[in-house]
Participant: 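The structure follows.
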Number of protein chains: 2
Amino acid sequence: MTTYRIGQFAAKVGLSTYTLRYYEQEGLLLPHRDANDQRYYTEADVKWLIFILHLKGTGMTMSQLKTYVKLRAQGDATTDQRLVLLHDVASEAHAQIRALQNNLAVLEHKIDWYQGKVDATIAEDESFEAYLNRLDQEEKHD
Amino acid sequence: MTTYRIGQFAAKVGLSTYTLRYYEQEGLLLPHRDANDQRYYTEADVKWLIFILHLKGTGMTMSQLKTYVKLRAQGDATTDQRLVLLHDVASEAHAQIRALQNNLAVLEHKIDWYQGKVDATIAEDESFEAYLNRLDQEEKHD
DNA sequence: CCTTGCCTTAGAGTCCACTCGAAGGCTTAT
DNA sequence: ATAAGCCTTCGAGTGGACTCTAAGGCAAGG
């Protein structure tokens with residue numbers, strides 16, 4: 001069974017040893033120790049950390065992650081709470097994607113404009129402005 | 001013609017007066033002044049600021065925004081540079097959306113799993129893992 | 001008249017997630 | 001044997017974008 005010392009593990013997952021010790025301190029990832037107290041990580045740790053990184057990549061904060069880990073440690077009784085938490089994170093992420101797409105639409109319209117691809121008729125501009133207003137309204141609904 | 005004092009403008013655009021003065025200091029938004037040196041903002045400033053906020057919302061940094069504003073101030077000779085800059089920002093934003101969607105896919109799969117909606121057959125799990133590996137590989141291409 | 005809002009400069013504080021350094025001491029690899 | 005890697009604690013530094021305070025003063029509305 002393959003194991004990794006902290007330096008190898010860091011290289012494998014693309015984090016620094018500092019960060020790994022920091023995550024450990026925060027309770028996110030608890031490696032094993034050998035007879036000399038040296039940390040070692042297993043393939044299971046690789047999978048778990050990659051999952052953590054996916055969660056972080058959705059915008060989940062350290063604090064939410066810590067909550068999640070604590071709930072997990074408490075066993076099956078907390079699956080409902082975990083679900084609520086993950087649903088929150090997911091809907092935040094959806095909102096963020098939507099916001100990004102809206103902002104990007106504006107940016108790309110400006111790019112088109114710079115490239116002279118937009119017919120600069122009053123009608124067109126006005127309809128795009130109306131569209132933007134609608135987007136801005138929608139963002140306020142959050 | 002409607003104008004706004006800084007407090008009204010702040011309320012209108014949803015920023016603090018601190019932030020508006022900060023943006024001004026950074027050269028992003030330069031309001032007019034009345035006879036007593038009090039700032040006032042026009043409808044054009046509203047539009048410009050909203051555009052700035054859309055750009056910021058795509059992930060464009062202060063520093064990029066400052067570059068953009070400086071180029072703009074230099075006139076038509078810089079449209080090419082502005083286009084390059086905006087293209088960069090747009091492709092970064094696209095990448096960020098893709099990353100978010102990938103991470104969200106993992107999160108939602110986990111949610112499904114919690115809800116018992118996933119057939120926990122070895123085959124299914126393995127194919128999902130293969131899928132994740134593929135996503136992770138793709139992220140490395142950036 | 002008095003409160004509220006605005007003006008200035010300059011600097012300090014905040015938040016988040018790391019990131020690093022120091023110091024002293026084991027352990028592992030070549 | 002020697003270097004490279006790892007161990008600890010603990011505190012300080014980083015970056016980005018604000019966010020706020022202080023101090024002293026002018027200006028408009030009720």
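Computed from a prediction, not measured in an experiment: that's the story for all the values here. Note that these values count all heavy atoms, side chains included, but never hydrogens, waters or copies made by symmetry. Here is the naming used below: chain letters follow the sequence lines, and residue numbers restart at 1 for every chain.
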Participant: Within the structure shown, what part of the strands sits under 4.0 Å from A:T61 by heavy-atom distance: base, sugar-phosphate, or nothing?
Facilitator: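 Sugar-phosphate contact only - A:T61 comes under 4.0 Å of backbone atoms but never of a base.
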Participant: Here's a test of your reading of the structure: between B:L15 and B:Y18, which maps to the more 5' nucleotide of DNA chain D?
Facilitator: B:L15
Participant: Using the side-chain heavy atoms of B:M62, tell me which of these nucleotides is nearest: C:dC18, C:dT8, D:dC18.
Facilitator: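 Of all the options, the side chain of B:M62 is nearest to D:dC18.
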Participant: Counting only heavy atoms not in B:D34, do more than 12 fall under 6.0 Å of its CG?
Facilitator: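 Yes, enclosed.
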Participant: Between C:dC6, C:dC7, D:dA17, which nucleotide has the shortest distance from any of its atoms to the side chain of B:R5?
Facilitator: C:dC6
Participant: Is B:E26 salt-bridged to B:K70, going by a charged N under 4.0 Å from an acidic O?
Facilitator: no
Participant: What nucleic acid atoms does B:Y23 come within less than 4.0 Å of, heavy atoms only: base, sugar-phosphate, or nothing?
Facilitator: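 The answer is sugar-phosphate, as B:Y23 gets under 4.0 Å only of primed atoms, P, OP1 or OP2.
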Participant: Is A:E92 atom CD crowded by more than 12 heavy atoms from other residues, nucleotides or ligands, each under 6.0 Å away?
Facilitator: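 Count not over threshold, so no.
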Participant: How is A:D34 classified with respect to the nucleic acid when contacts are heavy atoms under 4.0 Å: base, sugar-phosphate, or nothing?
Facilitator: sugar-phosphate
Participant: Using the closest heavy atom to pick a nucleotide of DNA chain C for each, name whichever of A:N36 or B:R39 lands nearer the 5' end.
Facilitator: B:R39
Participant: By nearest heavy atom, map B:K56 and A:G7 onto DNA chain D; which one lands nearer the 5' end?
Facilitator: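 Whichever sits nearer the 5' end wins; that is A:G7.
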Participant: Between A:Y22 and A:Q38, which is nearer to the 5' end of DNA chain C once each is assigned its nearest nucleotide?
Facilitator: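 Whichever sits nearer the 5' end wins; that is A:Y22.
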Participant: Within the distance-only criterion (no hydrogens, no angle test), does the side chain of B:E108 pair as donor or acceptor with the backbone N or O of B:A105 below 3.5 angstrom?
Facilitator: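 No; judged by distance alone, with no hydrogens or angles, the pair does not exist.
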